[in-house]
Amino acid sequence: MKILITNDDGIHAPGIHCLAEALAAVGEVAVVAPDRERSASSHALTLHHPLRAELIAPGRYAVDGTPTDCVNLGVHSLIDFHPDLVVSGINRGANLGDDVTYSGTVAAALEATLMGIPAFAISLASLEYAADYGGAATFAARLALQIRQHGLPLDTYLNVNVPAVAAELLKPPLFTTQGKRRYDGKIVDSVDPRGRSYYWIGTADFDFHDIDGSDVAALRRGHISVTPLHLDMTNHQALPLLRNWTF
Ligand code: MN
């Protein structure tokens with residue numbers, strides 16, 4: 001199995017090293033990742049300036065672009081194999097509920113799916129730089145083998161979240177739905193040392209609804225969560241209602 005690895009925390013983040021090590025046991029691995037943190041860059045694609053890629057070790061490239069750029073460059077240019085699987089992570093911090101729409105980690109898996117390549121994103125529910133990524137990395141390798149055996153449903157990629165507990169305390173994976181964030185919309189505004197106003201998004205505490213069967217519920221109970229996501233963003237249930245509208 002040939003595996004392309006990327007992330008949004010940057011190529012020097014501990015999570016991607018741990019992931020690459022674990023996946024090297026189940027396949028041939030190449031890493032193409034942003035040269036710095038690009039968290040919350042979502043599915044951004046760089047179109048208006050050229051990208052640079054630096055070979056920092058055999059099979060490891062640092063790109064001055066987004067996770068989506070990295071998948072593009074990896075698949076179409078930098079790597080000398082066509083990947084059977086793209087894995088993005090291991091992200092520092094969970095990607096749960098509505099937050100998947102901001103996530104560069106998740107978007108990299110989405111980009112691979114657009115190319116017809118099976119993919120998953122994997123995140124550890126800890127913001128500590130020195131967190132233990134071992135349990136998540138082990139699960140990534142097991143999941144890669146499952147995908148090799150079963151494939152993935154059409155246009156579907158997986159969003160994996162792993163609780164931040166010791167590997168032996170992890171509960172079995174559950175297939176889950178995308179949960180729901182509780183928004184407070186708080187923005188910190190203040191004045192910088194030069195007297196100019198600034199605004200800082202996302203600094204408030206946030207929370208999620210505890211919905212049965214959701215990614216959030218699984219994680220809160222100590223389970224690994226695996227949510228199948230797909231490319232079709234159509235709300236099929238809304239269509240019959242909207243088609244009653246007359247113009
Ligand atoms: Mn990140």
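In each ligand, atom 1 is the first atom listed, and ligand 1 is the first ligand listed. Worth knowing before you read on, the calculation uses all heavy atoms, side chains too, and leaves out hydrogens, waters and symmetry mates.
- Expressed to the nearest 0.5 Å, how far CG of L78 lies from OH of Y61 amounts to 5.5 Å.
- Seen from the Mn ion (ligand 1), atom OG of S39 and atom OD1 of D8 lie 90° apart in angle, a value rounded to 10°.
- Within the 4.5 Å cutoff, side-chain heavy atoms of V26 are placed close to those of I3.
- Distance alone, capped at 3.5 Å, places no donor-acceptor pair between the N72 side chain and the D69 backbone.
- Nearest N, O or S atom of D9 to the Mn ion (ligand 1): atom OD1.
- With 2.8 Å as the limit, T105 does not count as an N, O or S neighbour of the Mn ion (ligand 1).
- Rounded to the nearest 0.5 angstrom, D9 CG and I11 CD1 are separated by 12.0 Å.
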